[in-house]
Amino acid sequence: MFLFVSLSSWADERGELRLERISRHYSALGGYGISFVLRAGGVDERGEILVAGNSSYMSIAGTEVYVKDSIRYEVRRATKEIIVDRADAYEKELTNPLSGFSSVKSEYNIEEYEEGGMAAVRLTPKRSGDTIYIITGVDGESISRVKYGVGERAAELQVVKTVRTPKSVPEFDKERYKGFELIDFR
């Protein structure tokens with residue numbers, strides 16, 4: 001039993017170190033852009049995330065998310081809605097590039113493992129939710145794929161390209177969304 005506990009602690013420590021390495025990799029890029037394909041329910045959706053400082057922009061499947069400092073704007077084209085909220089209310093989202101993996105340790109058990117010859121991290125929720133798998137690229141620092149959910153709820157995000165980009169991130173402009181309903185939760 002002592003051996004099992006020791007090995008589990010070592011695996012957790014290695015997983016935490018791998019997540020720190022991934023975070024440092026993306027932080028070192030400064031501004032960056034990630035293009036990706038999200039596969040869920042037999043459908044492939046292309047998307048992108050752009051990050052510069054405390055601002056980010058994500059676009060996928062008719063939804064755009066703008067984050068500027070402390071405000072988050074989610075534009076839903078299908079329903080013609082704009083949801084405005086405090087960005088910190090979403091800091092636990094793994095897709096939030098501003099929080100990186102800072103809140104992961106309190107919410108998940110972290111374990112490093114290998115998948116297809118690549119270093120990977122398994123995040124098992126401490127309370128409820130789906131296990132998340134983060135598979136790195138050959139360098140062991142960049143994210144190649146993220147998998148989560150099982151069965152019909154299974155989804156996989158495949159990173160197509162990551163580029164360092166000095167360009168600014170698009171900012172929310174209400175004028176671009178005339179006729180959209182504004183729902184403000186701040």
Side-chain angles (χ1 to χ4, degrees), residues 16 18-40 44-108 110 121 123 129-130 132-137 139 141-149 155-177 180-186:
E16 289 174 25
R18 179 68 57 190
L19 282 181
E20 286 175 19
R21 210 171 144 187
I22 292 168
S23 269
R24 280 194 310 270
H25 170 76
Y26 287 99
S27 292
L29 291 176
Y32 60 90
I34 298 174
S35 57
F36 60 88
V37 174
L38 179 63
R39 293 182 178 95
D44 288 4
E45 293 284 349
R46 294 198 168 278
E48 71 174 331
I49 297 173
L50 301 171
V51 178
N54 287 332
S55 298
S56 68
Y57 169 79
M58 181 173 69
S59 173
I60 185 163
T63 300
E64 296 173 277
V65 178
Y66 300 85
V67 177
K68 175 84 171 154
D69 298 322
S70 63
I71 306 296
R72 181 182 192 272
Y73 301 90
E74 182 174 328
V75 178
R76 299 175 183 172
R77 291 190 179 276
T79 56
K80 296 190 91 169
E81 296 175 328
I82 301 169
I83 311 295
V84 182
D85 208 345
R86 296 179 344 268
D88 63 358
Y90 298 85
E91 68 184 4
K92 292 184 179 177
E93 287 184 351
L94 285 174
T95 57
N96 179 354
L98 302 179
S99 68
F101 297 107
S102 60
S103 65
V104 170
K105 191 174 179 179
S106 65
E107 302 290 324
Y108 294 90
I110 304 167
V121 178
L123 303 173
D130 292 318
I132 300 168
Y133 303 88
I134 301 171
I135 299 91
T136 66
D139 61 6
E141 300 178 332
S142 61
I143 296 173
S144 171
R145 291 182 294 138
V146 177
K147 302 185 306 185
Y148 49 95
E156 180 176 328
L157 183 141
Q158 175 80 47
V159 174
V160 175
K161 183 177 175 182
T162 302
V163 295
R164 181 181 298 198
T165 176
K167 72 178 186 178
S168 62
V169 172
E171 291 187 23
F172 176 76
D173 179 3
K174 185 163 175 24
E175 294 301 312
R176 290 186 54 210
Y177 305 102
F180 280 57
E181 179 184 3
L182 186 70
I183 303 165
D184 197 331
F185 289 113
R186 292 178 286 176

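Predicted, not measured: the structure shown is a model, and the values here were computed from it. Side chains are part of it too, since the values below use all heavy atoms of this structure and drop only hydrogens, waters and symmetry mates.
- Ring geometry for Phe172 versus Tyr73: interplanar angle under 30°, hence parallel rather than tilted (30 to 60°).
- Within the model, atoms CZ of Phe36 and CD of Glu48 stand 8.0 Å from one another, a figure rounded to the nearest 0.5 Å.
- One finds the CZ atom of Arg72 at 4.5 Å from the CD atom of Glu74 (value rounded to the nearest 0.5 Å).
- For the pair Leu38 and Tyr148, the tightest heavy-atom approach, listed with the atom from each and the gap, is CD1-OH, 3.9 Å.
- Residue Thr162 holds its OG1 atom at 9.0 Å from OH of Tyr32, rounded to the nearest 0.5 Å.
- Nearest heavy-atom pair, Thr136 versus Glu141, reported as atom, atom and distance to 0.1 Å: CB-N, 4.1 Å.
- Looking at His25 and Arg21, their side chains never come closer than 4.5 Å, going by heavy atoms from C-beta outward.
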Check step by step if side-chain contact (heavy atoms from CB on, under 4.5 Å) holds for Arg46 and Val160. CA-CA 9 Å; Arg46 294 198 168 278; Val160 175; 4.0 Å; yes
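- The distance from the NZ atom of Lys147 to the CD1 atom of Ile132 is 12.5 Å, given to the nearest 0.5 Å.
- Within the model, atoms CG of Leu182 and CD1 of Ile82 stand 5.5 Å from one another, a figure rounded to the nearest 0.5 Å.
- Residues Ser59 and Glu64 share a closest heavy-atom pair of OG-CG, 4.2 Å.
- Between Tyr66 and Val75, the closest side-chain pair of non-hydrogen atoms falls below 4.5 Å.
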Set out, in order, the CA-CA distance, both residues' side-chain angles and the distance that settles side-chain contact (heavy atoms from CB on, under 4.5 Å) for Ile143 and Ile34, then state yes or no. CA-CA 10 Å; Ile143 296 173; Ile34 298 174; over 6 Å; no
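- The two residues Ala155 and Ala40 have their closest heavy-atom pair at CB-CB, 4.0 Å.
- Taking every heavy atom of both residues into account, Lys68 and Ser55 meet most closely at CD-OG, 3.4 Å.
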Could you check Val51 against Tyr26 for side-chain contact (heavy atoms from CB on, under 4.5 Å), going step by step and ending with a plain yes or no? CA-CA 10 Å; Val51 178; Tyr26 287 99; over 6 Å; no
After noting the C-alpha distance and the side-chain angles of Arg76 and Phe180, does the key distance pass the side-chain contact (heavy atoms from CB on, under 4.5 Å) rule? CA-CA 9 Å; Arg76 299 175 183 172; Phe180 280 57; over 6 Å; no
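- Taking both residues in full, the closest heavy atoms of Ala28 and Arg164 are given as O-NH2, 3.9 Å, listed atom of the first, atom of the second, then distance.
- Within the model, atoms CG of Asp184 and CD1 of Ile71 stand 8.0 Å from one another, a figure rounded to the nearest 0.5 Å.
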